[in-house]
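Convention: sequence-line order gives letters A, B, ...; per-chain numbering from 1.
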4 protein chains.
Amino acid sequence: MPKRVDRAAKREAILEAAVRVFARKGFAASRTEDIAAEAGIAKGSVYLYFDSRDAVLEGVFAAYAERAGRVLASLGDGPPLERLSALIRGTLGMLAEHPDHARVLVDLWSTAAPLDMAALYRDYREMIGELLEEAGEELRPGIGRAHAVVIVAAIEGCLVQWLVDPGLDLPALAGPVIDVCVEGIRA
Amino acid sequence: MPKRVDRAAKREAILEAAVRVFARKGFAASRTEDIAAEAGIAKGSVYLYFDSRDAVLEGVFAAYAERAGRVLASLGDGPPLERLSALIRGTLGMLAEHPDHARVLVDLWSTAAPLDMAALYRDYREMIGELLEEAGEELRPGIGRAHAVVIVAAIEGCLVQWLVDPGLDLPALAGPVIDVCVEGIRA
Amino acid sequence: MPKRVDRAAKREAILEAAVRVFARKGFAASRTEDIAAEAGIAKGSVYLYFDSRDAVLEGVFAAYAERAGRVLASLGDGPPLERLSALIRGTLGMLAEHPDHARVLVDLWSTAAPLDMAALYRDYREMIGELLEEAGEELRPGIGRAHAVVIVAAIEGCLVQWLVDPGLDLPALAGPVIDVCVEGIRA
Amino acid sequence: MPKRVDRAAKREAILEAAVRVFARKGFAASRTEDIAAEAGIAKGSVYLYFDSRDAVLEGVFAAYAERAGRVLASLGDGPPLERLSALIRGTLGMLAEHPDHARVLVDLWSTAAPLDMAALYRDYREMIGELLEEAGEELRPGIGRAHAVVIVAAIEGCLVQWLVDPGLDLPALAGPVIDVCVEGIRA
DNA sequence: TATGAATGAGGCTTCATTCAT
DNA sequence: GATGAATGAAGCCTCATTCAT
């Protein structure tokens, strides 16, 4: 009669605890023991669900990537620039709603680990590039796929400034970003 | 008083070595010894010029802040939107020319240390806000100081994407950024 | 009382699994879990049959001691030097047939545990000493009980060399050992 | 003005401390801290001279191998069987004089580490084989190189019994061993 | 009886910092 | 000033053992 434990759920719980800890102290300063304590388990138990402290960070990344993917997938099928605005609002809103994840993102950027952040942003640009392509005539001449990088940048750059200066109102920044990045490229 | 000069020069040399090391391995993974080795001195000697490993990071931040300040100070006195374009080009160019400093910047973001990153970006936005104000009539209605954050974001966000995916051509991104952030806000 | 029998059989099975594991990785590197896995049971179940990991090693020792005793007991009643040769052949053959037990023997030597290895070898020498005594006139003058230690040594020393260099053909070493240790002491 | 330290001497001192500790508790039970304490230094300092705990064991092995080599090298050039007796006496004497090293030898046997014990014993047998060859006519017919293994075995086997039962008088065992292994093979 | 998740003490190792030279 | 050997606190991880199921 084996003890019944929902491994996936427990893993998830640890991951959530880890995000809170990472957000509070940064990954570098977060001890395995901190994570365990936050999750309400013993230090050693973390290793029943993750191979190493780094693996926890990877798990956090995966969770973030999945969440980001869900935002992109939920844009509906309105006009492309409408969807672009929704994407900007959705992303900034999601980040603001999960400030812990957002805070950890910066650690992920600077982690050499094999997290393939590059692919994540490549996909991101790809997706926005598609929207721009689709927008076609609606855009000023000269604006196209190549400008996806700027839109991604505006979003991530807002994130950076918010993290560095939590006084900023992140969701409220969606307005100015849309003013510039959506209205500014309309024909 | 040559002693004083020597001290300052040595400090500077260590700082430069530190930047290279931080850029290579990230701050978290950089050992005092690595910095010393890169600077061609003994481990213990680092402590003759800095109080601690963290103090070195602070020194690096100060150097970065100064360099960034110099870019802002060198914009000349053309028309405001001209100066804005110059600022974008100058900043991205400066970052690309000093990839080591740029790489370290991300570590600085995620460092809890008392580096007052917030002030740096506040000044940055302030400065751009001023330009926007000055541009006045040249801008689309509704565009103003509040949009400085987007311009800073676009720049820093390009930096992020470049760091995460060094395949990107950072200076070349100045074009699209200007298309969106300068041309896009013109009346 | 089938329960009792089952218990003993299970204990035996675990012991056999343990020997295989110890032989493979050495006692120090063998985990309780390895033993359990090899025995096809759960980690915790080992503790239903043994008090501790060390107790398993003690059990293995007891099993070895018993097996060695059986060899000694099976020498028949031919002439003493005949029996000595048989003992040498039997022991080396037994070790070669149970390489796992042999391998573990070395771990037992270096284990401080309360295994009374000393008594085992004392008995061993005692027994061979008896044979030598019995051989009496057949031996060169000056050879006697005191040389039992050399015969035991020759056997165990072959074991050592074989363990350290499995390329050696252990049973084939019986010939040279007998040449020296039996023929060499004959009058 | 660098602090002057004789690295080799310090390494040696740590090695000697390690041998004492290993002999006392066995390698498996010896903690890095024990070694450091025995050497009168701090735990971390061990790592200034060795890469790891295992590396210390390897160092001990190397020291043993060297000492054993020195015994072999000091046999002079008397008649071969004379030299064989000297080798037996020398080896058992050396082991008895360095009981700590001897005790550690057993740990070395059972260590999977890349210590090439096999080569050590191969050389050992080789050397004795040479002596036997050289003895030629002096030996009983049928005795030759192939019996080197038995002589090595007799020596190591005495060591085993002594380690397991320190009551034995190791140097005194040289007599019986020579009776059997030298006198017993003489023509 | 059997399980295997959980525990937490304890080991190895790293490295910022100190300090004798 | 400069050095680098030494320190020892602290972190990651392992694993024997326990115990709820």
- Task: Specify the separation, in whole Å, of atom CZ of B:Arg53 and atom P of F:dA10.
- Result: 16 Å
- Please step through side-chain contact (heavy atoms from CB on, under 4.5 Å) for the pair B:Lys10 and B:Ile41, ending with a clear verdict. CA-CA 10 Å; B:Lys10 198 114 185 195; B:Ile41 61 177; 4.0 Å; yes
- Task: Provide, to the nearest angstrom, the distance between the CD atom belonging to C:Glu33 and the C1' atom belonging to F:dA16.
- Result: 11 Å
- Length of the CG-C1' vector between C:Asp34 and F:dA16, whole Å: 12 Å
- Interatomic distance, C:Ile35 atom CD1 to C:Glu16 atom CD [nearest 0.5 angstrom]: 13.5 Å
- Query: Checking A:Arg7 side chain against A:Leu48 main chain: does a donor-acceptor pair fall under 3.5 Å?
  - Reply: yes
- Message: So, OP1 or OP2 of F:dG4: does either fall under 4.0 Å of a side-chain N or O from D:Arg7?
- Response: no
- Message: Whole angstroms only, please: what is the CZ-C1' distance between D:Arg11 and F:dA6?
- Response: 18 Å
- Item | N or O in side chain of D:Thr32 less than 4.0 angstrom from E:dC12 OP1/OP2 | yes
- Query: Within a strict 4.5 Å, meaning less than it, do heavy atoms of the D:Leu15 and D:Phe50 side chains meet?
  - Reply: yes
- Tell me, which stems hold DNA chain F, with a stem being 3 or more Watson-Crick or G-U pairs in a row and both distances under 3.5 Å? E:2-21 with F:2-21
- Among F:dA16, F:dC13, E:dT13, find the nucleotide with the atom closest to the side chain of A:Ser52. F:dC13
- Side-chain N or O of A:Arg31 closer than 4.0 Å to phosphate OP1/OP2 of F:dC12: yes
- Query: Given B:Phe22, which of B:Tyr64, B:Phe61, B:Phe27 fulfils the ring pair (Phe, Tyr, Trp, His ring centres under 6.0 Å) condition?
  - Reply: B:Phe27
- Item | Sub-4.0 Å heavy-atom contacts from residues 40-50 of chain B onto DNA chain E, ordered by number | B:Lys43, B:Gly44, B:Tyr47
- Which residue, B:Val106, B:Leu95, B:Leu105, forms the side-chain contact (heavy atoms from CB on, under 4.5 Å) with B:Leu163? B:Val106
- Item | Under-4.0 Å side-chain N/O to phosphate OP1/OP2 contact, B:Lys10 with F:dG1 | no
- Query: For the pair made of CG in A:Asp6 and P in E:dG4, what is the distance, rounded to whole Å?
  - Reply: 16 Å
- Mind calculating the distance between CD1 (C:Ile14) and C1' (F:dA16) to the nearest angstrom? 15 Å
- With side chains defined as the heavy atoms from C-beta onward, is the minimum distance between C:Glu38 and C:Asp34 less than 4.5 Å? no
- Query: Is any side-chain heavy atom of C:Arg24 closer than 4.5 Å to a side-chain heavy atom of C:Arg103?
  - Reply: no
- Query: Hey, are the side chains of A:Ser110 and B:Trp109 touching, using non-hydrogen atoms and a 4.5 Å cut-off?
  - Reply: no
- Would you kindly give the CG-to-P distance between C:Asp54 and F:dC15, to the nearest whole Å? 15 Å
